[in-house]
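Along the sequence shown, residues carry numbers from 1.
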Amino acid sequence: MASTHTASVLVASNRGPVSYALDEDRRLTAKRGGGGLVSGLSAIGPDTDAVWVCSALGDGDREAVRRTGGALDPADTGGRRVRMLDIDPQVHSDAYNGIANSVLWFVHHMLYQTPLEPVFDAGFRRQWAAYESYNRAFAEALAEEAGQGAAVLIQDYHLALAPRMLRELRPDLRIGHFSHTPWAPPDYFRLLPDDIAAQLLGGILGADRAAFLTRRWADAFTDCCHAVLGPGIPSGTRVGVHGLGADAEFLRHRAHQPDVDERMATLRRQIGTAPDGGPRRTIVRVDRTELSKNIVRGLLAYEELLQSYPQWRERVVHIAFAYPSRQDLAVYRAYTAEVQRVATEINSRYGTPGWTPVELHVKDDFARSLAAYRLADVALVNPIRDGMNLVAKEVPVVSDEGCALVLSREAGAHEELGEEALTVNPYDIGGTAAALHTALSMPPGERTERTKRLTAQATALPPARWFLDQLAALEG
């Protein structure tokens, strides 16, 4: 693809704003994505010459790149300029699954069973070389697209090396890197081989500005720089915080569409009524079956609630949506199976002909998630570790009657929502069960007032402003 050198604002991320599927006749259909980056690029206005650089993720994407040369049809992208990179599938797999999702994700979320893992052997080094190649492909594409002095916002742990690589190619650019995950503390980060740890930090320090979701993660990054690279680092790179919030306007509008109402009616039938004829209470969780989300311990805490507080039997239902994630990795398939096993066991042990204690759904359905948000009396968000966790922010915004939030102290959202939430240690099953009991017992007036304050905090930095604040800080 020919160099253009015209874009004034660029975004780089593994996943782009559009994906393609091939039908039996090899016709391409485009599906647009959502999220904060899409909202942000929309917010900067159509007159700004912006480009989004992303990777082809499947056969449909790769066919689209072959047909367009990588410059996607604006009709498919909402008028945005999108450059999609057809990185060799094996290189992408080694970089994305082998390094980003199986090493960096595990380090930053502190998920390793350290007696057995990690093992940094020759296979790891081969995958690391692919991660370098993947980052270099992004850096080269950004260098080709960027106009003189352009602002470049590079996203997430998949592209930790790209800022330094881009800096070497185009020293005139203003480069930002944003981490959407937690950042590991030095002792855990240094599980990585010393040269790899230094390379990751040095890669991000190629940016003018490194930004994080919370002050805790920003401080951990700085601490790692001091521990691995020496005192005084990160000199020359500013470190900032932008706590991504919920998009209240979109959520409230979407949550009252007919398909959501239909799913609410179905959920109400599944929930049923208590023995006294009154409505059953609901504990809602919505997550991907991601290891860090701690779904199994959440189910065990609910089981402990039914055991230790038997007054809630037949009076509460746990609506648990656990949507499959990264099923190409064996450890994630096993985790999804364990979630289903524990839910089935709880229903077998405590269920009655008229009451199913756990309503578990594993098929992704956004409308059904919003329906559950609206019905929530209690939201359970108990991750082992999470960069932010937008579910904690979204449920209070959408809940019809107000909800009590049971929130892990290890979620980034706790930094903003902790005062109004019921805080739990994500490993403490008994403590979480007690918090669920307190949440279910909360007087309606207190629950309403807490929900108002949670909503104000949760919507303080909606996606478009979150993006624009990063851009303004980089340009400043």
Item to complete: Could you check Gln307 against Tyr350 for side chain to side chain donor-acceptor pair (under 3.5 Å), going step by step and ending with a plain yes or no?
Response: CA-CA 9 Å; Gln307 178 64 36; Tyr350 292 97; 2.9 Å; yes
Item to complete: Nearest 0.5 Å please: distance from the NE2 atom of His253 over to the CG atom of Leu370.
Response: 11.5 Å
Worksheet item: Thinking salt bridges, do Asp386 and Lys293 make one under a 4.0 Å N-O criterion?
Response: yes
Worksheet item: Do the non-hydrogen side-chain atoms of Val103 and Leu192 ever get within less than 4.5 Å of each other?
Response: yes
Fill in: Exam field: side chain Arg313 to backbone Leu306, donor-acceptor pair closer than 3.5 Å
yes
Fill in: Euclidean distance, Leu200 CG relative to Cys224 SG, rounded to 0.5 Å
10.5 Å
Fill in: Rounded distance [0.5 Å steps], CG in Leu380 versus CG in Leu405
9.0 Å
Worksheet item: Below 4.5 Å, heavy atoms only, C-beta onward: do Leu375 and Arg268 meet side chain to side chain?
Response: yes
Worksheet item: Are the side chains of Leu417 and Lys393 in touch, meaning some heavy atoms are under 4.5 Å apart?
Response: yes
Item to complete: Before giving the answer on side chain to side chain contact (heavy atoms under 4.5 Å, CB included), spell out for His414 and Thr423 the whole-Å C-alpha distance, their side-chain angles and the decisive distance to 0.1 Å.
Response: CA-CA 8 Å; His414 191 269; Thr423 299; 2.7 Å; yes
Discussion item. I'd like to check Leu300 versus Glu304 (side-chain heavy atoms, cut-off strictly below 4.5 Å). Are they in contact?
Written reply: no
Worksheet entry | Exceeds 12 heavy-atom contacts within 6.0 angstrom, atom CD of Glu446 | yes
Worksheet, complete the sentence: Tightest non-hydrogen contact, residues Pro163 and Gly203, listed as CB-O, 3.1 Å
Worksheet item: So, the side chain of Arg280 versus the backbone of Glu314: is there a donor-acceptor pair under 3.5 Å, distance only?
Response: yes
Fill in: Short side-chain to backbone donor-acceptor contact, Thr448 and Gly402, under 3.5 Å
no
Fill in: Within residues 97-117 or reaching into it, pairs that qualify as ring pair (Phe, Tyr, Trp, His ring centres under 6.0 Å) - sequence neighbours excluded
Trp105-His109, Trp105-Tyr157, Phe106-Tyr112, His108-Trp183
Worksheet item: Should Arg374 and Glu401 be marked as a salt bridge (charged side-chain N to carboxylate O under 4.0 Å, His left out) after you check the CA-CA gap, both sets of side-chain angles, and the distance that decides it?
Response: CA-CA 8 Å; Arg374 288 182 59 185; Glu401 304 296 330; over 6 Å; no
Fill in: Donor-acceptor contact below 3.5 Å, side chain Asn135 vs main chain Ala162
yes
Worksheet, complete the sentence: For Pro426 and Pro383, the nearest pair of non-hydrogen atoms, with its separation, is CB-O, 3.4 Å
Discussion item. Treating Arg254 as the side-chain partner and Leu251 as the backbone partner, does any N or O pair qualify as donor plus acceptor under 3.5 Å?
Written reply: no
Fill in: Smallest separation among heavy atoms of Ala343 and Val358, with atom names
CB-CG1, 4.0 Å
Item to complete: Can you see which heavy atom on Trp312 is nearest to which on Leu305, and at what distance?
Response: CD1-CD1, 3.9 Å
Discussion item. Please tell me whether Trp52 and Ser13 have a donor and an acceptor in their side chains that are separated by less than 3.5 angstrom.
Written reply: yes
Worksheet item: Are any side-chain N or O atoms of Ser93 and backbone N or O atoms of Pro89, one a donor and one an acceptor, separated by less than 3.5 Å?
Response: no
Practice prompt. Identify the two heavy atoms, one from Ala246 and one from Val397, that lie closest to each other, and give their separation to 0.1 Å.
Written response: CB-CG2, 4.4 Å
Practice prompt. Could you tell me the separation between the CE atom of Met442 and the OG1 atom of Thr451, rounded to the nearest 0.5 Å?
Written response: 8.5 Å
Discussion item. I'd like to check Asp59 versus Glu63 (side-chain heavy atoms, cut-off strictly below 4.5 Å). Are they in contact?
Written reply: no
Worksheet item: Side-chain donor-acceptor pair under 3.5 Å between Arg269 and Thr266, yes or no?
Response: yes
Worksheet item: Between Arg447 and Glu420, is a salt bridge (charged side-chain N to carboxylate O under 4.0 Å, His left out) present by the stated rule, with each step listed?
Response: CA-CA 10 Å; Arg447 194 174 70 184; Glu420 302 302 333; over 6 Å; no
Discussion item. Measuring from atom CG of Leu159 to atom CD of Gln155, what distance do you get when rounded to the nearest 0.5 angstrom?
Written reply: 9.0 Å
Discussion item. Has Glu117 got a side-chain atom pairing as donor or acceptor with Gln113's backbone, closer than 3.5 angstrom?
Written reply: yes
Discussion item. Using only atom types and a distance under 3.5 Å, with no angle test, would you say the side chain of Asp23 pairs donor to acceptor with the backbone of Asp25?
Written reply: yes
Discussion item. Could you walk me through whether Val284 and Val378 satisfy the side chain to side chain contact (heavy atoms under 4.5 Å, CB included) test, starting with their C-alpha distance in whole Å, then the side-chain angles of each, then the deciding distance to 0.1 Å, before giving a yes or no?
Written reply: CA-CA 6 Å; Val284 168; Val378 177; over 6 Å; no
Item to complete: Would you name the heavy atoms of Pro462 and Thr459 that are closest together and state the gap between them?
Response: CD-O, 3.4 Å
Worksheet item: Are Arg368 and Phe321 in a cation-pi contact, defined as NZ or CZ under 6.0 Å from the six-membered ring centre and within 45° of the axis?
Response: yes
Worksheet item: Would Thr282 and Asp377 count as having a side-chain donor-acceptor pair, cut-off 3.5 Å?
Response: yes
Discussion item. Just so I know, are the side chains of Arg62 and Tyr20 near enough to count as touching, which here means a heavy-atom distance under 4.5 Å?
Written reply: no
Discussion item. Are there over 12 heavy-atom neighbours, none belonging to Arg15, within less than 6.0 Å of that residue's CZ?
Written reply: no
Worksheet item: Quick one: does Tyr323's side chain have a donor or acceptor within less than 3.5 Å of a partner on Asp365's backbone?
Response: yes
Worksheet item: Quick one: do the Arg385 and Asn294 side chains pair a donor with an acceptor below 3.5 Å?
Response: no
Discussion item. I'd like to know whether Ile295 forms a side chain to side chain contact (heavy atoms under 4.5 Å, CB included) with Thr289, so could you lay out the CA-CA distance, the side-chain angles of the two residues, the decisive distance to 0.1 Å, and finally the verdict.
Written reply: CA-CA 7 Å; Ile295 301 169; Thr289 50; 4.2 Å; yes
Discussion item. I'd like to know if the side chain of Glu290 pairs up with that of Tyr332 as donor and acceptor (distance under 3.5 Å, no hydrogens or angles considered).
Written reply: yes
Worksheet item: Would you say Asp187 has more than 12 foreign heavy atoms packed within less than 6.0 Å of its CG?
Response: no
Worksheet, complete the sentence: residues 268-311 vs ring pair (Phe, Tyr, Trp, His ring centres under 6.0 Å), sequence neighbours excluded, gives Tyr302-His318, Tyr309-His437
Discussion item. Check Arg465 with Asp247, please: is the shortest side-chain N to carboxylate O separation under 4.0 Å?
Written reply: no
Fill in: Close aromatic pair by centroid cut-off 6.0 Å: Tyr134 and Tyr96
no
Worksheet item: Quick check: are there more than 12 heavy atoms from other residues, nucleotides or ligands sitting under 6.0 Å from CD of Glu249?
Response: no
Discussion item. Taking the side chain as everything from C-beta on, heavy atoms only, tell me whether His92 gets closer than 4.5 Å to Leu85.
Written reply: no
Worksheet item: Can you find a heavy atom in the side chain of Met388 that is under 4.5 Å from one in the side chain of Glu415?
Response: no
Worksheet item: Just by distance, with hydrogens left out, do Asn425 and Asp428 show a side-chain donor and acceptor under 3.5 Å apart?
Response: no
Discussion item. Looking only at the side chains, is there a donor atom on one of Tyr373 and Glu394 sitting less than 3.5 Å from an acceptor on the other?
Written reply: yes
Worksheet item: Where does the angle between the aromatic ring planes of His242 and Phe178 fall among parallel (under 30°), tilted (30 to 60°) and perpendicular (over 60°)?
Response: tilted
Worksheet item: CG of Leu461 to CD of Glu416: how many Å apart, nearest 0.5 Å?
Response: 8.0 Å
Practice prompt. Give a yes or no on whether the backbone of Glu359 and the side-chain of Thr356 come within a donor-acceptor separation of less than 3.5 Å.
Written response: no
Discussion item. Side chain to side chain contact (heavy atoms under 4.5 Å, CB included) for Ile283 and Ile319? Distances and angles first, verdict last.
Written reply: CA-CA 6 Å; Ile283 299 171; Ile319 302 172; over 6 Å; no
